[in-house]
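The figures that follow rest on heavy atoms only: side chains count, while hydrogens, waters and symmetry mates do not.
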Protein chains: 2
Amino acid sequence: MSTRERIVETALTLFNQQGSGVVSTNHIAAACGISPGNLYYHFRNKEEIIRAIFHQLTRVGAEEYLAINAARPPETAAAVTAMLDTFVMVQRFNWRYRFFKRELTVLLHHDPLLAAEFAEVHRSHRQMVHDAIARSVGEGFIAPLADEELTLFVEELWLIILFWLNYLEVGGEEVNDATLARGNAVLMSALRPHLTAPAREALAAVKTKER
Amino acid sequence: MSTRERIVETALTLFNQQGSGVVSTNHIAAACGISPGNLYYHFRNKEEIIRAIFHQLTRVGAEEYLAINAARPPETAAAVTAMLDTFVMVQRFNWRYRFFKRELTVLLHHDPLLAAEFAEVHRSHRQMVHDAIARSVGEGFIAPLADEELTLFVEELWLIILFWLNYLEVGGEEVNDATLARGNAVLMSALRPHLTAPAREALAAVKTKER
DNA sequence: ACACCGTTAGAGTCTTTACTCTACGCTGTG
DNA sequence: CACAGCGTAGAGTAAAGACTCTAACGGTGT
């Protein structure tokens, strides 16, 4: 791993543990086993490191999302599986980059450049979620809804996906397979009333297979 | 307002704006229009200020919760109204003390004393939510559920209540009456499938009256 | 008039911070 | 072999940090 990559990785770890506010560039350099001068050779300042972390987040996130969702066949079981996989994927990202979402508003407030980049990414994420739900309605897995109801439903689902980890964190619960599975269950519990009959059967089938 | 109270209030404002990591005691003192020495006369250190904010949060929060929920009559309309009022109340708290939830894990990590106090408060909050839902089931506003389903449902609702503000924040949306009302709508959308017929009517009545 | 004490100011200390500067080694190329 | 240039070390600087100390203020009781 290059020095630059090691700096980013170390900074991410320290930020997650202690918060980016109290972690100094000297800390990062020391934890990397390099000199401060070396760190500043690779990054002009701390904000640039944070932006590098954000760039990694978006790049890898987009790749993984596409890997799960781009080529899925238009089958009910595949749709349900893709949704569960996406949930797990988002949880993994929220965990890996947890300092980022925690400190989001403060970070954006301190770095207008980052704020602009984030706004763009957020817009496209929103679009992806909307498209995914619309596709599922079109394919007949989710019962048709009035526009207003659909919007609320999408927000409900997205909220659960986005904040399950924070919910665990606030509650002092550990993040592990069991608690992640519980998040999945909550999501399904919200989803169930809106599924069509075939989708409900497919879901039951997936569940049975898992055991 | 006493100097001590002014320090707490000013610190809260600055923490919310800029994050507690980058706000120094000197900043707080300057913003208060007092000397650093004076600040340290009232508080031994920064952590003690944060704990004072937390104490205010819990004290006032408990008062307001009781004011809304303790004496409500066992009527369907009252139950629905109490739930909506509680939602609005929690949003107000999340907003007023927003730095606290944002930085929660980091704060708890840095101050074991605070961590212990918070664990206790969180336990009792969890209990309150559980009791409120159980009461509503008992009074016939919410359809009976299997234990497992009930747990998931409660978590779903509580998650929405806890994180609606963060959801707005992450999305770069302003917090105002319209966005708060939308949060209420999302909550209702999650609740509706589980309401009993009389509760659904009472809800419709409340909605009509609001217009 | 005076002593007392909670409150305040503000200068001062020691540490840490972000960031700079200079110099040195290593590696590949003419 | 020379030498260019990337990557690195580490001392150094100016500013800001948390926190301390001493002296004085101002209101109250005697």
Are the side chain of K101(A) and the backbone of L162(A) linked by a donor-acceptor contact shorter than 3.5 Å? yes
Counting only side-chain nitrogens and oxygens, does H27(A) get under 4.0 Å of the OP1 or OP2 atom of dT17(C)? yes
Rounding to an integer number of Å, can you tell me how far F43(A) CZ sits from dT8(D) C1'? 15 Å
W158(B) side chain near R126(B) side chain, heavy-atom distance below 4.5 Å: no
Within less than 4.0 Å of OP1 or OP2 of dA16(D), is there a side-chain N or O belonging to S24(B)? no
What does the B/S/- profile of nucleotides 8-15 of chain C look like, 5' to 3', with a 4.0 Å heavy-atom cutoff to protein? BBB-----
Check whether any side-chain nitrogen or oxygen of Y40(A) sits under 4.0 Å from OP1 or OP2 of dC19(C), and answer yes or no. yes
Could E117(B) and R123(B) be called an ion pair, given the rule that one side-chain N must be under 4.0 Å from one carboxylate O? no
Rounding to a whole Å, what distance do you find between N45(B):CG and dA18(D):C1'? 9 Å
Between R135(B) and A132(B) (side chain of the first, backbone of the second, donor and acceptor by atom type, cut-off under 3.5 Å), is there such a pair? no
Are any non-hydrogen side-chain atoms of R72(B) and T81(B) less than 4.5 angstrom apart? no
Check ion pair E9(B)-R96(B) (N to O, under 4.0 angstrom): yes
Whole angstrom is fine here: how far is it from CD1 in I28(B) over to P in dA18(D)? 8 Å
